[in-house]
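Written out below as structure tokens is the structure these notes cover.
Just so it is clear, the structure is predicted and the values come from calculations on it, not from any experiment.
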Amino acid sequence: MPKSEEKQGREPRDHMSADQFRAWRRSMGLKQKDAADLLGLKKRMIQYYEKGNRDGKAVSIPKSVRLACYALTIGISDFDGKVFSKYDPSKYKEEEKPELPEELLPEAEEPNSAEEESV
């Protein structure tokens, strides 16, 4: 973690905070048990991730879980290396899949103007 972020007590940009994880789960309309099932985790791990600690020790959300959250958000529930399975939100709630909360949206990258067109 860069020292400036560490001193200010913030999570580094490439990590999902406990609050962001909880916001993701709620935005998907999932109960903790449903999120655990979809992510291949135990419900207790979901609780640790949402609390941000386990027995007083900080718990960070692994990159694999963060990526799985994103995949579910865009409608992918599984991938076998060739074909992905679509996530069916109707199994968990009645309304359409919600928009991702603004704090979870990836930052837009600006196009590289230095790239040259090939002739």
Side-chain angles (χ1 to χ4, degrees):
M1 175 182 317
K3 293 190 184 233
S4 62
E5 290 178 329
E6 193 173 305
K7 286 180 183 178
Q8 295 173 7
R10 295 185 306 182
E11 290 287 322
R13 279 189 162 173
D14 63 342
H15 287 82
M16 182 183 241
S17 71
D19 290 337
Q20 289 172 320
F21 184 78
R22 184 180 305 105
W24 167 80
R25 178 183 59 81
R26 289 179 176 169
S27 76
M28 296 292 289
L30 299 172
K31 294 180 180 179
Q32 288 180 336
K33 176 68 174 137
D34 296 333
D37 291 343
L38 285 167
L39 294 170
L41 301 169
K42 300 282 186 192
K43 180 182 171 186
R44 191 71 188 130
M45 287 308 299
I46 300 299
Q47 293 169 336
Y48 292 144
Y49 292 156
E50 290 188 1
K51 189 176 178 185
N53 70 67
R54 177 181 181 179
D55 301 325
K57 296 180 182 175
V59 173
S60 63
I61 300 164
K63 186 174 190 176
S64 58
V65 173
R66 297 190 315 261
L67 289 170
C69 290
Y70 179 70
L72 289 167
T73 300
I74 63 171
I76 299 170
S77 67
D78 202 359
F79 181 65
D80 69 1
K82 294 180 182 179
V83 179
F84 65 85
S85 301
K86 292 228 177 224
Y87 164 66
D88 182 3
S90 66
K91 291 181 181 179
Y92 299 96
K93 62 181 189 171
E94 296 177 5
E95 60 192 67
E96 287 293 314
K97 184 178 66 167
E99 293 293 321
L100 187 63
E102 191 171 313
E103 65 269 11
L104 297 180
L105 289 173
E107 292 182 24
E109 293 184 22
E110 295 190 22
N112 186 353
S113 60
E115 290 182 19
E116 295 181 23
E117 294 182 25
S118 58
V119 179

Q: Indicate yes or no: at least one non-hydrogen side-chain atom of I76 is less than 4.5 angstrom from one of I74.
A: yes
Q: State, with a plain yes or no, whether a side-chain heavy atom of K63 is found less than 4.5 Å away from one of H15.
A: no
Q | Spacing of L72 atom CG and W24 atom CH2 [to the nearest 0.5 Å] | A | 5.0 Å
Q) Is a side-chain donor or acceptor of S77 paired with a backbone partner of K86 at a separation under 3.5 angstrom? A) yes
Q. Taking all atoms of both residues into account, what is the closest heavy-atom pair of Q47 and R44, and its distance?
A. OE1-NH1, 2.6 Å
Q. Shortest non-hydrogen contact from L39 to I46?
A. CD1-CD1, 4.0 Å
**Q.** Within residues 50-69 or reaching into it, pairs that qualify as ring-ring contact (aromatic ring centres under 6.0 Å, His included) - sequence neighbours excluded
**A.** none
Q. Hey, does L41 have a side-chain heavy atom less than 4.5 Å from the side chain of Y49?
A. yes
Q.
Tell me every residue that passes side chain to side chain donor-acceptor pair (under 3.5 Å) with K33, counting only those two or more places apart in sequence or in another chain.
A. D37
Q. Please, which pairs that meet salt bridge (charged side-chain N to carboxylate O under 4.0 Å, His left out) have at least one residue in residues 45-62, sequence neighbours excluded?
A. R22-E50, R25-E50
Q. From C69 SG over to F21 CZ, what is the distance, rounded to the nearest 0.5 angstrom?
A. 5.0 Å
Q) Measuring from M45:CE to K42:NZ, what's the distance to the nearest 0.5 Å? A) 11.5 Å
